[in-house]
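Scroll down for the structure; my scribbles are underneath it.
Being a predicted model, the structure only gives us computed values, none of them experimental.
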Amino acid sequence: RPRAPSSFRRQHQAMLPTATPADPEPLLRLLLPGQPARVREALAWLARPGHHLLGRQDPRYPPLLRQAPQPPQALFVDGDPDLLWLPAVAVVGSRAARAAGAGGCDNARRFSATLCRAGVAITSGLAAGIDASAHQAALATPAGITLAVLGTGPDLAYPRRHADLRERIAAQGAVVSEHPPGTAART
């Protein structure tokens, strides 16, 4: 369950879009042509609480992403899709960052915690190193919010050892992917 809304969210609740989810099957068939089994798997994933599919025409789809040259047709969200509207900073870096020292994971944690205390959400990719440190700091900060943008399906953590971190982010923030559930990392 997501944490209490940030002061930004409380102040701007009226401007956040609302939508009654449409039948996702036509969009899934467009995203997964000729793959009825994958469509059924995605529908089963979407039937679970906290799972969402935001098509580009959905009012909850992030407006700045919609303006990108080639925005994704849809976003799969595990968590609170309203959090995609909050001000956010991407904190990314080396997967092999040092745990401590200049430029290391300590800096990512300090920056992320400071930004969270200022009401800014932390966005990163769940990778090892800087990404994981940024997410962990946001989760540890009271009222901190973090968003994980994945290159896999929203149900899969990469690296696998971050499965628990992915679950915590989904419960307190949002895990976002343009890839359907079950999409593995390309190695």
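Between the side chain of W85 and the backbone N or O of R60, at least one donor-acceptor pair lies under 3.5 Å. For the pair H52 (side chain) and V77 (backbone), a donor-acceptor distance under 3.5 Å is absent. Here the side chain of S177 pairs a donor or acceptor atom with the backbone of H179 at under 3.5 angstrom.
In this structure, OG1 on T114 lies 4.5 Å from CZ on R117, to the nearest 0.5 angstrom. Taking CD of Q73 as the start and CG of L54 as the end, the distance is 13.0 Å to the nearest 0.5 Å.
Counting only heavy atoms from C-beta outward, the side chains of L75 and P62 approach each other to under 4.5 Å.
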Show me the donor-acceptor pairs within less than 3.5 Å that the side chains of residues 33-50 make with the rest of the protein, sequence neighbours left out.
from	atom 1	to	atom 2	distance (Å)
R38	NH2	P181	O	3.3
R38	NH2	T183	OG1	3.0
W45	NE1	H51	ND1	3.3

If you look only at distance, which donor and acceptor atoms sit under 3.5 Å apart when one is on a side chain in residues 143-155 and the other is two or more places apart or in another chain?
from	atom 1	to	atom 2	distance (Å)
T146	OG1	I122	O	2.9
T146	OG1	H135	ND1	2.7
T152	OG1	L156	O	2.8
D155	OD1	G182	N	2.9
D155	OD2	G182	N	3.1

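Across R66 and D58, no two heavy atoms sit closer than the pair NH2-O, 2.8 Å. For the residue pair V91 and S112, the shortest heavy atom distance occurs at CG2-OG, 3.9 Å. Minimum interatomic distance between P71 and Y61 (heavy atoms only, all atoms of both residues): CB-OH, 3.6 Å. Smallest separation of non-hydrogen atoms from A74 and L31: CB-CD1, 3.8 Å.
With sequence neighbours excluded, the residues satisfying salt bridge (charged side-chain N to carboxylate O under 4.0 Å, His left out) with E25 are R29. Taking the side-chain contact (heavy atoms from CB on, under 4.5 Å) definition, one finds that P26 meets it with D23, sequence neighbours left out. Among residues two or more places apart in sequence or in another chain, the salt bridge (charged side-chain N to carboxylate O under 4.0 Å, His left out) test is passed with R166 by D78. Partners of T123 by side chain to side chain donor-acceptor pair (under 3.5 Å), not counting sequence neighbours: none found.
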**OP:** Go through L115 and T141 one step at a time and tell me if the side-chain contact (heavy atoms from CB on, under 4.5 Å) criterion holds.
**Re:** CA-CA 10 Å; L115 288 164; T141 302; over 6 Å; no
Original post:
Could you walk me through whether L53 and L28 pass the side-chain contact (heavy atoms from CB on, under 4.5 Å) check?
Top reply: CA-CA 9 Å; L53 177 63; L28 289 170; 3.9 Å; yes
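No path of Ile, Leu, Val, Met, Phe, Trp and Tyr side chains, each step under 4.5 Å between heavy atoms, connects L65 with F76, placing them in separate hydrophobic clusters.
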